2 protein chains.
Amino acid sequence: MSASEQTNWQSVHDEVLRRIHTREWKPGDQIPKEVELAEQLGCARATVNRALRELAAEGFLDRRRKAGTRVSTHPVRRAKLDIPVIRLEIEGRGQKYGYGLLLSERRTPTPEVCANLGVSAKSDMLHITSLHLADRKPYMFEERWVSIDTVPEIVDADLSAISANEWLVLHAPYTKGDISFSAVLATETEAKILRTHAGAPLFLMERMTWEHDAGITAARLLFAPGYRMHSAI
Amino acid sequence: MSASEQTNWQSVHDEVLRRIHTREWKPGDQIPKEVELAEQLGCARATVNRALRELAAEGFLDRRRKAGTRVSTHPVRRAKLDIPVIRLEIEGRGQKYGYGLLLSERRTPTPEVCANLGVSAKSDMLHITSLHLADRKPYMFEERWVSIDTVPEIVDADLSAISANEWLVLHAPYTKGDISFSAVLATETEAKILRTHAGAPLFLMERMTWEHDAGITAARLLFAPGYRMHSAI
DNA sequence: AGAAATATTATGTGCAGACATATTATCTTT
DNA sequence: AAAGATAATATGTCTGCACATAATATTTCT
């Protein structure tokens, strides 16, 4: 225990984590109860509670009323994937961001979009494709459907000036969302747009959002070859 | 404000979120200070503080001392990617998990591993490849390097019975980790192992972990075609 | 006017004490 | 012995209060 220091919740957090890392407390072990730890570390129970609560949220501890607190046997590591607006992601790396609207049409959705987003086959939607550039090179190709029924204001937005995603972030916050990642091969058309060749491996991110049960948007984001998404854990 | 209900931090959280969603408070807006909200909602400031703190952690609010609390203009959505042990991921879907050790050799690392993990070129490492199966079908091919200098106990582990990852989770918790995702094409060898064809698009997950500055392991996890990683946001 | 010192203020955190709640352990009844 | 009722207990949360800290606003000095 690194004594002499001030006992705040952060130091309790670090001390408990240290004991886990040094295997003083092994996976599966029950750790002292809050009151004992508080006494041991010279602080209030509330302070210990705060620290242990954070550690549980981070996946290091399992806590249950009456049963006590144990070190996780399978620390489900939660990679905190920050999904920023593409523009900020690119600018954050010091590159120049570019954006071009390729297509914007008003039409009924494809059966696939209907099923995934849970909207009617006859609903009024905006179908948008656009290309995002980093330092003038193709970075991400976006195909998006936006429900005009749910977000009628979108028809007045100038989507050649601001990307649909950024517009939606500002004007249509969602209550529920889903995101998935996979690997696909570039088709002829996609390859042309991303300036690569058909059959190149592309990283695909699919996003859908709802406001309660009303579908807002479904997007298919295809990243140029070489893209890597990463995160600290 | 949905009155009549009990005022706990969760209900404050939900009420604030509701005001953001209904655009009563728009992105960029400053929201009432904690004392005011507490008075308004009939609870202690500490309770409001807890709610707002969570909302800030979730990315909905930006808070700064003295400056106050504002609704995020760019809610950096944090996808909470749970990275479970593969076995649990497969079993969780009700499929039968299978595991086979393909190779286990003690040797010096490749220059690439050295550079990424920050270990010496002459360090003693374990090089392991294995295949994970779901319902007897190839699911993920794993190539891994483990530093024997950092985790000497690994040489005594029976890695044909337990996967290296599971062993490490139980015996060598890390303090720092990095994970990245990308799309690659299957090589001849990889295709053979995963029972697909060369040039198939594969989802690649690369993981590295350290105990402070000592490299523990570097792993390259190649998922069979069709794999989708997904998450709620 | 511009710089430096000072005051103000909203959030951040700590504390003690109380009660709520989920879960386990124990006792009672059949 | 099995089932049901009851007690015990560790965590979960709320409260009121105090002081810390960072950032802004204001005043003072040159």
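Because the structure is predicted, anything quoted here is derived from the model rather than measured. Throughout, protein chains are lettered first and strands after them, A, B, ... in sequence-line order, and every chain is numbered starting at 1.
Across the helix from C:dA1-D:dT30 to C:dT30-D:dA1, the helix axis at one end is tilted relative to the axis at the other end by 0° (nearest 10 degrees, each axis from five pairs).
In the displayed structure, B:Glu39 atom CD is contacted under 6.0 Å by at most 12 heavy atoms of other residues, nucleotides or ligands. The local environment of CD in A:Glu153 is crowded, with over 12 non-hydrogen atoms from other residues, nucleotides or ligands closer than 6.0 Å. Other residues, nucleotides and ligands contribute more than 12 heavy atoms inside 6.0 Å of the CZ atom of A:Arg93. Few gaps surround NE2 on B:His171; more than 12 heavy atoms of other groups in view lie less than 6.0 Å from it.
Rounded to an integer number of Å, the gap from A:Arg45 CZ to C:dC19 P is 14 Å. Rounding to whole angstrom units, CG of residue A:Leu61 and P of D:dG12 are separated by 11 Å. Rounded to an integer number of Å, the gap from A:Leu52 CG to D:dT13 P is 13 Å. The nearest whole Å value for the distance from the NE2 atom in A:His13 to the C1' atom in C:dG12 is 17 Å. Distance, B:Leu55 CG to C:dT11 C1': 15 Å, rounded to whole Å. Here D:dC14 presents its C1' atom at 15 Å from CD of B:Glu34, a figure rounded to the nearest Å. In this entry the distance linking CH2 of A:Trp9 with C1' of C:dG12 reads 11 Å, nearest Å. Look at CG on B:Leu41: it is 16 Å from C1' on D:dT15, rounded to the nearest Å.
Residues from residues 62-71 of chain B lying near DNA chain D, meaning a heavy-atom separation below 4.0 Å, are B:Arg64, B:Arg65, B:Lys66 in numerical order.
For C:dT13, the OP1/OP2 oxygens have no side-chain nitrogen or oxygen of A:Thr47 closer than 4.0 Å. For C:dT11, neither phosphate oxygen OP1 nor OP2 lies less than 4.0 angstrom from any side-chain nitrogen or oxygen of B:Arg53. Phosphate contact (OP1/OP2 of D:dT13, side-chain N/O of A:Asn49, threshold under 4.0 Å): absent.
Under the ring-ring contact (aromatic ring centres under 6.0 Å, His included) criterion, B:Phe60 pairs with no residue, sequence neighbours left out.
Every pair passing salt bridge (Lys or Arg N to Asp or Glu O under 4.0 Å) that includes a residue from residues 154-172 of chain A is listed here, sequence neighbours excluded: A:Arg87-A:Glu166. Sorted by first and then second residue, the salt bridge (Lys or Arg N to Asp or Glu O under 4.0 Å) pairs involving residues 41-52 of chain B (not counting sequence neighbours) are B:Glu34-B:Arg45, B:Arg50-B:Glu54. Residue pairs meeting the salt bridge (Lys or Arg N to Asp or Glu O under 4.0 Å) criterion with at least one partner in residues 204-220 of chain A, sequence neighbours excluded, are A:Lys176-A:Asp213, A:Glu190-A:Arg220, A:Glu206-B:Arg228.
Across all strands, A:Arg50 comes closer than 4.0 Å only to sugar-phosphate atoms, never to a base (heavy-atom distances).
A centroid separation of less than 6.0 Å is found between the aromatic rings of B:His132 and B:Tyr99.
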